[in-house]
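Notes follow the structure.
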Amino acid sequence: MSMDTPKLPPCDHLPKPYEGPTYDEVLRLKNRYMTPTSVPFYTTPLMIVEGSMQYLFDDKGRRYLDAIGGIVTISVGHCHPYVVQRVKEQTDRLQHITSIYLHPNVARYAEMLAGKLPGDLSVCYFMNSGSEANDMALLMARLYTGNTDVVALQNAYHGGGASTMQLTANSAWKYNTPQHFGVHHAINPNPYRGLWGYDDPDAGAKYAAEIKNVIDYATPGRVAAFIAESIQGVGGAVVYPEGFLERTYGYIRDAGGLCIADEVQTGFTRTGTHYWGFENHGVIPDIVTMAKGIGNGVPLAAVVTTPGIAAVLSSRIHFNTFGGNPVSCAAGMAVLEVIDRENLQKNALERGHELMEGYRKLMARHEIIGDVRGRGLMTGIELVKDRRTKEPAREACLRVFERLKDLGVLVGKGGLHSNTLRIKPPMCITRDDVEFLLEALDMAIGEP
Ligand SMILES: Cc1ncc(COP(=O)(O)O)c(C=O)c1O
């Protein structure tokens with residue numbers, strides 16, 4: 001293996017010279033005037049001022065391969081020219097009216113989006129964030145079923161709002177406030193760390209039986225809903241064993257509940273094989289929630305459900321000022337068009353295969369890699385101190401994460417112990433980018 005630093009593939013985009021406030025000034029303003037809700041991502045925080053497709057540029061003009069896409073939000077590429085064009089056209093003409101008037105964008109977009117979903121999932125409600133979408137899904141499920149209890153999974157992330165923080169199940173993201181109100185967390189169907197592993201062909205059934213236990217022992221036997229990400233995102237790209245979701249959906253429906261798929265990270269072809277992550281599990285949910293990649297960086301989210309379930313909202317008025325905003329919907333339509341036109345599902349599948357193949361080779365070379373997993377461009381590499389005990393290698397993960405940034409690659413990290421590298425790039429990533437990313441990983445992981 002050469003000791004040369006891996007080279008970013010060439011790129012035509014020349015960033016404009018940055019002429020805004022200095023790095024130090026921005027840092028000072030942030031620290032002085034913004035809530036301390038998040039810790040900076042790097043020891044020396046990055047200031048990113050420009051983007052083009054899979055690349056980002058900092059204030060000094062340095063280019064990075066963005067392998068996390070603003071936390072899985074850049075689906076088709078930073079400032080994708082077609083999305084930008086449609087947003088600009090709509091911004092010039094009309095930015096906002098809200099739902100009290102008709103507008104063609106929201107109506108046309110609802111039809112387009114519904115056309116991407118299977119079964120009877122054909123009615124859309126638009127909002128601005130994943131937390132809002134999951135909050136609405138909970139409301140719908142409780143109204144429709146007349147039940148209160150909701151089953152979610154340990155290690156899930158469904159948002160940081162008052163109701164969605166209840167669903168989220170990782171102490172790092174839960175403030176010390178009353179949190180339950182009918183939400184129960186079943187053990188996580190994690191075949192790497194959980195009770196039943198990759199080598200157990202019945203793992204899916206066994207984890208699903210735990211859901212049934214929660215229904216039987218922790219609820220009145222009737223539930224409003226089950227909610228799960230199709231692959232856990234913030235939790236570190238955890239892929240459930242085969243049959244888990246299918247059986248779980250059966251238990252939940254037997255208990256009168258609805259099944260909610262949180263597609264905030266896994267939707268819009270990211271998993272490569274299908275448009276939606278749940279399709280990999282052979283299930284059709286009753287409610288699907290989406291955000292992030294839906295707008296490629298424009299605030300947009302949606303809940304899609306059946307006409308029967310949506311009808312429960314007619315008993316009152318529900319209002320979301322920016323829901324279905326003409327500019328956001330213009331972006332949403334453009335994203336759907338670009339995914340099809342540029343065949344991004346196929347690219348997610350092919351580049352995803354290359355990544356996984358590369359990870360397996362790295363795993364053979366680096367003892368610290370305990371598990372590699374994912375589907376399409378929704379992947380993770382879990383680092384452990386010892387493959388037998390699986391003790392999380394948190395500090396090493398942080399070191400690799402920082403080193404990757406110095407080598408020109410931005411990734412995420414996740415899981416309860418922050419020991420999983422999360423790699424979920426924009427779906428326009430190329431084969432050369434993948435090669436570069438794997439070389440950078442090899443170097444960063446291999447260094448002491
Ligand atoms: C799976 C999942 N659901 C919901 C959310 C919440 O979305 P938002 O941050 O837009 O409220 C997130 C955010 O990371 C997510 O990953």
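Values below: every heavy atom of this structure, side chains too, minus hydrogens, waters and symmetry copies. Both counts, for ligands and for their atoms, begin at 1 and track the order of listing.
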side-chain hydrogen bond (donor to acceptor under 3.5 Å, both in side chains) between Asp433 and Tyr55: does it pass, once the steps are laid out?
-> CA-CA 10 Å; Asp433 295 319; Tyr55 300 119; 2.5 Å; yes

What do the steps show when you test Tyr82 against Glu337 for side-chain hydrogen bond (donor to acceptor under 3.5 Å, both in side chains), and what is the final call?
-> CA-CA 9 Å; Tyr82 183 68; Glu337 286 178 61; 2.7 Å; yes

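Aromatic rings from Tyr249 and His281 are positioned such that their centres are separated by 6.0 Å or more.
Polar contact check, Ile71 against ligand 1: no nitrogen or oxygen pair lies under 3.5 Å apart. Checked against a 3.5 angstrom limit, the closest N/O atoms of Asp262 and ligand 1 fall inside it.
For ligand 1, the atoms sitting less than 4.0 Å from at least one non-hydrogen atom of Glu229 are 1 (C), numbered in the order shown with element in parentheses. Atoms of ligand 1 found under 4.0 Å from any heavy atom of Ser129, numbered from 1 in the order shown, are 10 (O), 11 (O). Per-residue contacts place Gly130 under 4.0 angstrom from the following atoms of ligand 1 (heavy atoms of the residue considered): 6 (C), 7 (O), 8 (P), 10 (O), 11 (O). Those atoms of ligand 1 with a heavy atom of Gly159 less than 4.0 angstrom away are 6 (C).
Ring geometry for Tyr42 versus Phe401: interplanar angle under 30°, hence parallel rather than tilted (30 to 60°).
Between the choices Gln265, Glu263, Glu132, Met290, the shortest heavy-atom distance to atom 16 (O) of ligand 1 belongs to Gln265.
With 3.5 Å as the limit, one finds a donor-acceptor pair spanning the side chains of Asn280 and Thr271.
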